Q: 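Here it is, the structure in full.
All heavy atoms count here, side chains included; hydrogens, waters and symmetry mates do not. Predicted, not measured: the structure shown is a model, and the values here were computed from it.
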Amino acid sequence: MRSRYKIYVFTLFAAFLIGVSGCKKFIDVNQNPNDATPQNVTLAMILSAAERNIGGSFALGSGLGNTMSVYTHQITGRVGADRYGAGESGWSGLYNAISNLNVIITRATNENLFVYRGIAKIMKAYTYSMMVDVWGDIPFSEHDKFLEGIRQPKFDKGKDIYPQLITLLEEGIADITNPATNTVLPGNDDYIYKGNRTNWVKAANTIKLKMYTQVRLVQNVSAEVTALLSSPATLINSQAESFMLPFGPIGATDDRHPAFGDYNATQRGGQLPSPWLYEIMKGRNPDILTGLQDPRVPYYIYNQKSRIGGSNGVPENCTDYRDGGFITIIFGSSGPCRDGSNSQTYSLLGLFPAGGRFNDSAAIAVNTIGPQRAGTGARPHEFITYADRLFLEAELQHAGLVAGDARATFSNALDASFRHVDAVVTAVNPGAAGAPQTVPVISTLPATITYKSGVLAQYDAATTAKKLELIMTEKWINRIENPVDNYTDYRRTGYPVRFDPAPVGSTTSVAPPDGPVVTVLNDRLFPWSLPFSVNEIQLNSNAPPQKVPETYKVFWQP
């Protein structure tokens, strides 16, 4: 599995970035690595690196992002996450980033740089909230306390961490809106908002909305979410305000999105579009969105092959799952074609998920040895978009926690999700790719209008539970680039329904449209959280015993 962290740093600062996870560095050094930071390392460098590390750790294409995407059946492949067998995926990198945010908070306090401190607090709160969502109990209150004599940090309960993160977000807002003079302000070193203080406040409030929504099944949050939604202008309220981290095309450095890695790979098979996602988007699932062809399919999936008998229809080897030019691997496959080499045969994550190619039916194989005939990879990472905020609001209205018309908000969320695709297409700039492409504006396509009308018609005819399933399924489709949130949403709502191979589930075989029936097998239960870091448990005497991921639930799970 390829994982490429994009960090804009000088060599000197790169040494500094070797931070600390919960404890493992504490037992083999004699001083806090932060003390060794040269005084000429600017906060700008630290902020840039921390933002890139955090975004790169959660994005599709990272170890954690790919694991979560396989677990939620958006991608598949010959990887450890197949049959739910992945490990900790990303623990150390996130703690390293938090240690660097702590440097910003400490130095900004001493230097009266309130905006830097506020941004660092907001990013720290967001990162910790995502870590609690993935692992549950984690080192928090005693992490990075070497100078205070703490070398073996305890694990705090997730339910105790969450309220402190809300407080940290409020502190970040107070810092950013502090009228005191800052001697230096963030600008281009803040990759996310370029120092825009108003947007950082909106992001912080929207993170709070997200966190309150996630705990709604174990805590009454009606007052909190009502207060937030009563002032929509203080939340992410447009596509332009979305909380995102840009990635760029290859230049002096390779700044492309982590999920673009398959376009450069000589061997593929670890990051493929899932047949489960594909069939739902094609309208073939008998239980959800049945009969509705999602117009986003060619934006999501790029086919290197044509249909059988077409201009480029012959695969390199036999295929596990094939539908015309769509060729991939089935989760839990026990078929004879699962492990064959099909690097220039497999369908790839397309323009929208990875900054790759739009599927224009040309069926051009992407050969990394020859000229690069792919997209630019300049796809932003989504922390929280405007569409995401609307899906949260629709869920809260549907649950009766806030007043409002859930259907109308759901309709607006669908519109925002299509406009978001168009915004990503603009960022990727496929006209500048190795094989330039002109991509249709999806938000105004007749097929998009037809699809949305069909979704709302199903919503109108649905039961209360089915309405929630439709909201969460559309959110799942929209959130393909940040699959950690999809993993969280499934565990707390049960939606979208996932693929369930036997013997744990009920599906024993899959019949691809073009090809023989494939036997599927999965003998592991779905993991309700990821296991703790093995290094952490081995080196930290205050760490708990390793969990059983199949039974260990995060505190907000019902």
Side-chain angles (χ1 to χ4, degrees), residues 68-76 82-84 217 273-297 300-301 320-324 326 328-333 391 394-395 398-399 406-407 410-411 413-414 417 447-448 450-480 483 485-515 517-522 525-526 528 557-558:
M68 300 293 88
S69 195
V70 174
Y71 282 9
T72 55
H73 299 281
Q74 292 183 310
I75 70 171
T76 187
D82 185 56
R83 307 187 189 187
Y84 306 128
L217 296 178
S274 167
W276 184 252
L277 172 70
Y278 173 78
E279 291 194 351
I280 287 177
M281 294 184 74
K282 293 289 283 187
R284 295 177 184 168
N285 189 291
D287 297 318
I288 190 73
L289 300 173
T290 310
L292 300 178
Q293 291 246 18
D294 195 317
R296 290 170 288 192
V297 171
Y300 276 51
I301 299 167
D320 198 51
Y321 182 100
R322 180 167 188 167
D323 178 28
F326 178 69
T328 190
I329 296 170
I330 304 168
F331 180 94
S333 171
F391 280 117
E395 178 188 343
H398 173 271
R407 183 191 188 276
F410 180 41
S411 176
L414 290 170
S417 68
T448 303
T450 299
Y451 175 78
K452 180 191 169 184
S453 297
V455 173
L456 292 178
Q458 290 195 9
Y459 183 91
D460 292 337
T463 63
T464 299
K466 199 70 175 180
K467 283 181 168 67
L468 179 60
E469 182 179 359
L470 283 163
I471 292 170
M472 302 311 296
T473 301
E474 285 292 342
K475 184 182 179 186
W476 168 74
I477 294 171
N478 177 69
R479 282 299 268 165
I480 188 171
D485 283 344
N486 290 328
Y487 181 57
T488 293
D489 286 343
Y490 172 77
R491 289 174 295 154
R492 65 183 183 82
T493 69
Y495 300 124
V497 175
R498 57 186 171 83
F499 186 54
D500 62 341
V504 176
S506 58
T507 303
T508 58
S509 63
V510 173
D514 294 331
V517 172
V518 177
T519 301
V520 293
L521 176 70
N522 175 42
L525 292 169
F526 184 81
W528 294 114
Q557 292 179 245

Q: Using a 4.5 Å cut-off on heavy atoms from C-beta on, say whether the side chain of Asp287 contacts that of Val497.
A: no
Q: Short question: side chain of Thr290, backbone of Asn285 - any donor-acceptor pair under 3.5 Å?
A: yes
Q: Should Pro503 and Leu521 count as side-chain neighbours, where that means a heavy-atom distance under 4.5 Å?
A: yes
Q: Is any side-chain heavy atom of Phe326 less than 4.5 Å from a side-chain heavy atom of Val297?
A: no
Q: Which distance, rounded to the nearest 0.5 Å, do you find between the CZ of Arg479 and the CG of Asn486?
A: 7.0 Å
Q: Taking the basic N atoms (NZ, or NE/NH1/NH2) and the acidic carboxylate oxygens, is any pair closer than 4.0 Å for Glu469 and Lys466?
A: yes
Q: Does a side-chain heavy-atom distance below 4.5 Å link Ile471 with Tyr495?
A: no
Q: Show the numbers, then the answer: is there a ring-ring contact (aromatic ring centres under 6.0 Å, His included) between Tyr490 and Tyr71?
A: CA-CA 10 Å; Tyr490 172 77; Tyr71 282 9; over 10 Å; no
Q: Nearest 0.5 angstrom please: Phe331 CZ to Arg498 CZ, how far?
A: 8.5 Å
Q: I want to check something: taking the side chain as every heavy atom from C-beta on, are Thr328 and Tyr278 in contact at a cut-off of under 4.5 Å?
A: no
Q: Looking at CG of Asp320 and CD1 of Ile330, how far apart are the two atoms once the value is rounded to the nearest 0.5 Å?
A: 4.5 Å
Q: Would you say the side chain of Phe410 lies within less than 4.5 Å of the side chain of Leu456, judging by non-hydrogen atoms?
A: yes
Q: Tell me, do Leu289 and Asp294 make a side-chain contact under 4.5 Å, heavy atoms counted?
A: no
Q: When rounded to the nearest 0.5 angstrom, what is the spacing between CG in Asp489 and NZ in Lys475?
A: 3.5 Å
